[in-house]
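Owing to the predicted nature of the structure, the values given are computational and were not obtained by experimental measurement.
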Amino acid sequence: MEKIVIIGANDFQRPLIKKARQMGYETHVFAWREGATGARDADFFYEISITEKEKILETCRQIRPAAVTTIGSDLANITVQYLAEKLGLPGNSRDCIVNSTNKYAMRKAFKNAGLSVPWFASAREGDLPVPPVFPVIVKPTDRSGSRAITRVERQEDLGAAVERAISQSFEKKAIIEEYLPGQEYSMETISYRGRHTCLAVTKKFTTGDPHYIETGHLEPAGLSEDVKEKAVEVVFAGLDALGVQMGASHSEFRVDGTGQVRIIEIGSRMGGDCIGSHLVPLSTGADFVRMTVEAALGQEPQVPAALLQKYAAVRFIMEEKDLELLSRLEKHHPGCIREKVLEGKPGSHQVVDSSTRFGYFIVQTETEQELTNLRLFD
């Protein structure tokens, strides 16, 4: 039996572990024990932090896997690239991973490739750039999950936002960039030898100003065909600028009132928040997780010739009213609920980023009107 190494074992990694096993591979999973709910799904689990690359490599040399992969985690993606390179397995280049996991390096790569970028600058502790325009967005250069994101309207508030972002950054740096207006979306893509395929476009819902914590996602996004074509062109150019060759990508962008598409950031891995693992297959029929495994094996991902046109959404539990919405759906629309995960009681702590939400529930409908009737995002 061929073996696959999977980096990470939290809830968002479990679909990958299960899929690899369904495909007939022996799974070897590495993660710290705390929060490793996927450990019970693995054939072999190793209690090693995903940041301990050299230690994992030592074990992998004994395992001799056919592939190494992850989904939904920038930090795990760094380790995956390191292992793939050392073991001679398929994957993206080191430069690609640096540019797609560090937001400042990413902006520079886009700029060097001639893509439209907002004004941006980086800051260490004690630095305080003076933006030429406000508002700006401040965030850590190397974190995901809505951590320490702040919209700042004036110079006198910038210092606190930069300090907050630096405190959450692994490299202790923040990026400050001009705020891009418009509705936020993401594009879910699979790449093979530098050829990209758009599987879905997701509409994103957040708490808005000032921290933009994601409250839900919807597929399909409802973009007009001409705007979607423009988004595909812009995102694919961004993937090329970062050097994405193999595997899943999650590209966040905004569309303003004139239809202009501007990239926020791109991750060279599947999106978290159940987007790639749940919403893409529910709305399109495409097995995105399987494709990710295939790409990691160096195989061409099997993209369906025709995608389904159903509707799927995830709503995150932030406060008591979200539980009331779930209760209403369970009573009046039980057939639409595909999954629910409850983690703690709303009000027991403050929701400051994606990792501190209280769970989620996922729905699927046949038509747009059915989804609208659920009033998920009113």
K.L.:
Which heavy atom of Tyr192 sits nearest a heavy atom of Gly298, and at what distance?
P.N.:
OH-O, 3.5 Å

K.L.:
Judged by atom type as modelled, is there a donor-acceptor pair below 3.5 Å linking the side chain of Glu339 to the main-chain atoms of Ile337?
P.N.:
no

K.L.:
Cluster partners of Val352, using ILVMFWY side-chain heavy atoms under 4.5 angstrom, listed by chain and number?
P.N.:
none

K.L.:
Do Phe12 and Ile71 pass the side-chain contact (heavy atoms from CB on, under 4.5 Å) test, and can you show the C-alpha distance, the side-chain angles, and the key distance before you say yes or no?
P.N.:
CA-CA 8 Å; Phe12 291 139; Ile71 55 175; 5.9 Å; no

K.L.:
Donor-acceptor check, side chain of His250 to backbone of Gly272, threshold 3.5 angstrom: yes or no?
P.N.:
no

K.L.:
Are Glu153 and Phe134 close enough that some pair of their side-chain heavy atoms sits under 4.5 Å apart?
P.N.:
no

K.L.:
Quick check on the hydrophobic clustering: are Ile7 and Phe170 connected, directly or via other members, by side-chain heavy-atom contacts under 4.5 Å?
P.N.:
yes

K.L.:
Check whether any side-chain heavy atom of Leu342 lies under 4.5 Å from a side-chain heavy atom of Leu326, and answer yes or no.
P.N.:
yes

K.L.:
I'd like to know if the side chain of Glu214 and the backbone of Ser354 have a donor-acceptor N/O pair within less than 3.5 Å.
P.N.:
no

K.L.:
Would you indicate whether Gln299, at its atom CD, is surrounded by more than 12 heavy atoms from other residues, nucleotides or ligands within a distance under 6.0 Å?
P.N.:
yes

K.L.:
Give the minimum heavy-atom separation between Ser73 and Ile50, together with the two atoms involved.
P.N.:
OG-CD1, 4.5 Å

K.L.:
Give the ring-plane orientation class for Phe316 versus Tyr360, where under 30° counts as parallel, over 60° as perpendicular and anything between as tilted.
P.N.:
perpendicular

K.L.:
Which heavy atom of Thr284 sits nearest a heavy atom of Ala200, and at what distance?
P.N.:
CG2-CB, 4.2 Å

K.L.:
Could you go through the side-chain contact (heavy atoms from CB on, under 4.5 Å) check for Cys60 and His28 one step at a time?
P.N.:
CA-CA 9 Å; Cys60 284; His28 294 255; over 6 Å; no

K.L.:
Would Ile63 and Phe44 count as a side-chain contact (heavy atoms from CB on, under 4.5 Å) if you check the C-alpha gap in whole Å, the side-chain angles of each, and the deciding distance to 0.1 Å?
P.N.:
CA-CA 10 Å; Ile63 296 170; Phe44 296 90; over 6 Å; no

K.L.:
Between Asp273 and Arg357, does any NZ, NE, NH1 or NH2 come within less than 4.0 Å of an OD or OE carboxylate oxygen?
P.N.:
yes

K.L.:
With respect to Lys310, which candidate in Glu366, Glu368, Glu370 satisfies the side-chain hydrogen bond (donor to acceptor under 3.5 Å, both in side chains) definition?
P.N.:
Glu366

K.L.:
Of all heavy-atom pairs between Leu83 and Ile56, which one has the smallest distance, and what is that distance?
P.N.:
CD1-CG2, 3.7 Å

K.L.:
Is a donor from one side chain sitting under 3.5 angstrom from an acceptor on the other, for Gln364 and Arg338?
P.N.:
yes

K.L.:
Please assess Ser268 against Ile97 for the test side-chain contact (heavy atoms from CB on, under 4.5 Å), listing each intermediate value before the final yes or no.
P.N.:
CA-CA 7 Å; Ser268 59; Ile97 299 306; 3.5 Å; yes

K.L.:
Between Ser146 and Asp353, is there a side-chain donor-acceptor contact under 3.5 Å, judged purely by atom types and distance?
P.N.:
no

K.L.:
Going by distance alone, is a donor N or O of one side chain under 3.5 Å from an acceptor N or O of the other, for Ser186 and Glu252?
P.N.:
no

K.L.:
Do Ile166 and Ile137 share a hydrophobic cluster, counting only Ile, Leu, Val, Met, Phe, Trp and Tyr and linking them when any side-chain heavy atoms are less than 4.5 Å apart?
P.N.:
no

K.L.:
Hydrophobic clusters here meaning ILVMFWY residues chained together by side-chain heavy-atom distances under 4.5 Å, can you tell me if Val68 and Trp32 are in one?
P.N.:
no

K.L.:
Could you tell me whether the side chain of Arg147 and the main chain of Ser144 form a donor-acceptor pair under 3.5 Å?
P.N.:
yes

K.L.:
For Ile149, is there any backbone N or O sitting under 3.5 Å from a side-chain donor or acceptor partner on His211?
P.N.:
yes

K.L.:
Partners of Thr215 by side chain to side chain contact (heavy atoms under 4.5 Å, CB included), sequence neighbours excluded?
P.N.:
Phe205, Thr207, Met318

K.L.:
Cut-off 3.5 Å, side chains only: do Ser49 and Thr51 have a donor facing an acceptor?
P.N.:
yes

K.L.:
With a 4.0 Å cut-off, would you call Glu294 and Arg290 a salt bridge?
P.N.:
yes

K.L.:
Would Ile48 end up clustered with Ile4 when hydrophobic side chains under 4.5 Å apart are linked, directly or stepwise?
P.N.:
no

K.L.:
In terms of heavy-atom contacts, does CD of Glu233 have more than 12 from other residues, nucleotides or ligands at under 6.0 Å?
P.N.:
no

K.L.:
Could you give me the CA-CA distance, side-chain angles and deciding distance for Glu177 and Lys139, then say whether salt bridge (charged side-chain N to carboxylate O under 4.0 Å, His left out) is met?
P.N.:
CA-CA 9 Å; Glu177 56 186 30; Lys139 50 190 173 183; 3.5 Å; yes

K.L.:
Who else is in Ile263's hydrophobic cluster (ILVMFWY, side-chain heavy atoms under 4.5 Å, direct or via others)?
P.N.:
Tyr104, Met106, Phe110, Leu115, Val117, Phe120, Ile175, Tyr185, Met187, Val201, Leu223, Val227, Val232, Val234, Val235, Phe236, Leu239, Leu242, Val244, Phe253, Val255, Val261, Ile266

K.L.:
Between Asp157 and Arg154, is there a salt bridge with N-O shorter than 4.0 Å?
P.N.:
yes

K.L.:
Using only heavy-atom distances, determine whether the side chains of Gln245 and Ser93 contain a donor-acceptor pair under 3.5 Å.
P.N.:
no

K.L.:
Check whether Arg254 reaches the backbone of Gly182 with its side chain - one donor and one acceptor, N or O, closer than 3.5 Å.
P.N.:
yes

K.L.:
Treating Asn99 as the side-chain partner and Asp95 as the backbone partner, does any N or O pair qualify as donor plus acceptor under 3.5 Å?
P.N.:
yes

K.L.:
Are any side-chain N or O atoms of Thr27 and backbone N or O atoms of Asp43, one a donor and one an acceptor, separated by less than 3.5 Å?
P.N.:
yes

K.L.:
If we only count heavy atoms from C-beta on, is the Gln369 to Asn373 side-chain gap below 4.5 Å?
P.N.:
yes

K.L.:
Does Arg94 count as lying over the ring of Tyr82, i.e. NZ or CZ under 6.0 Å from the six-ring centre, within 45 degrees of the axis?
P.N.:
no

K.L.:
Are Asn77 and Thr70 linked by a side-chain donor-acceptor pair shorter than 3.5 Å?
P.N.:
no

K.L.:
Has the side chain of Asp322 got a donor or acceptor atom that lies under 3.5 Å from a matching backbone atom of Glu319?
P.N.:
yes

K.L.:
Taking all atoms of both residues into account, what is the closest heavy-atom pair of Thr367 and Tyr311, and its distance?
P.N.:
C-CD1, 3.4 Å

K.L.:
Under a 4.5 Å side-chain heavy-atom rule over Ile, Leu, Val, Met, Phe, Trp and Tyr, are Val280 and Ile362 clustered together?
P.N.:
no

K.L.:
Between Arg269 and Asp74, does any side-chain N to carboxylate O distance fall below 4.0 Å?
P.N.:
yes

K.L.:
Check Asp41 with Arg21, please: is the shortest side-chain N to carboxylate O separation under 4.0 Å?
P.N.:
no

K.L.:
Are a donor atom and an acceptor atom from the side chains of Thr141 and Glu171 found within less than 3.5 Å of each other?
P.N.:
yes

K.L.:
Does Tyr179 have Arg151 sitting over its ring (NZ/CZ under 6.0 Å from centre, angle to axis within 45°)?
P.N.:
yes

K.L.:
Just so I know, are the side chains of Ser348 and Phe358 near enough to count as touching, which here means a heavy-atom distance under 4.5 Å?
P.N.:
yes

K.L.:
Counting only heavy atoms from other residues, nucleotides and ligands, does the tally under 6.0 Å from CD of Gln155 exceed 12?
P.N.:
yes

K.L.:
Glu47 side chain to Glu34 main-chain N or O, any donor-acceptor pair under 3.5 Å?
P.N.:
no

K.L.:
So, for Cys198 and Lys228, which heavy atoms are closest and what is the spacing to 0.1 Å?
P.N.:
SG-CE, 4.4 Å

K.L.:
Any salt bridge between Glu125 and Lys172, counting N to O under 4.0 Å?
P.N.:
no

K.L.:
CD of Glu163: more than 12 outside heavy atoms within 6.0 angstrom?
P.N.:
no

K.L.:
Testing the 3.5 Å rule here: is there a donor-acceptor pair between the side chains of Arg262 and Ser116?
P.N.:
yes

K.L.:
Measure the shortest side-chain to side-chain distance between Lys173 and Asp142 over non-hydrogen atoms and say whether it is less than 4.5 angstrom.
P.N.:
no

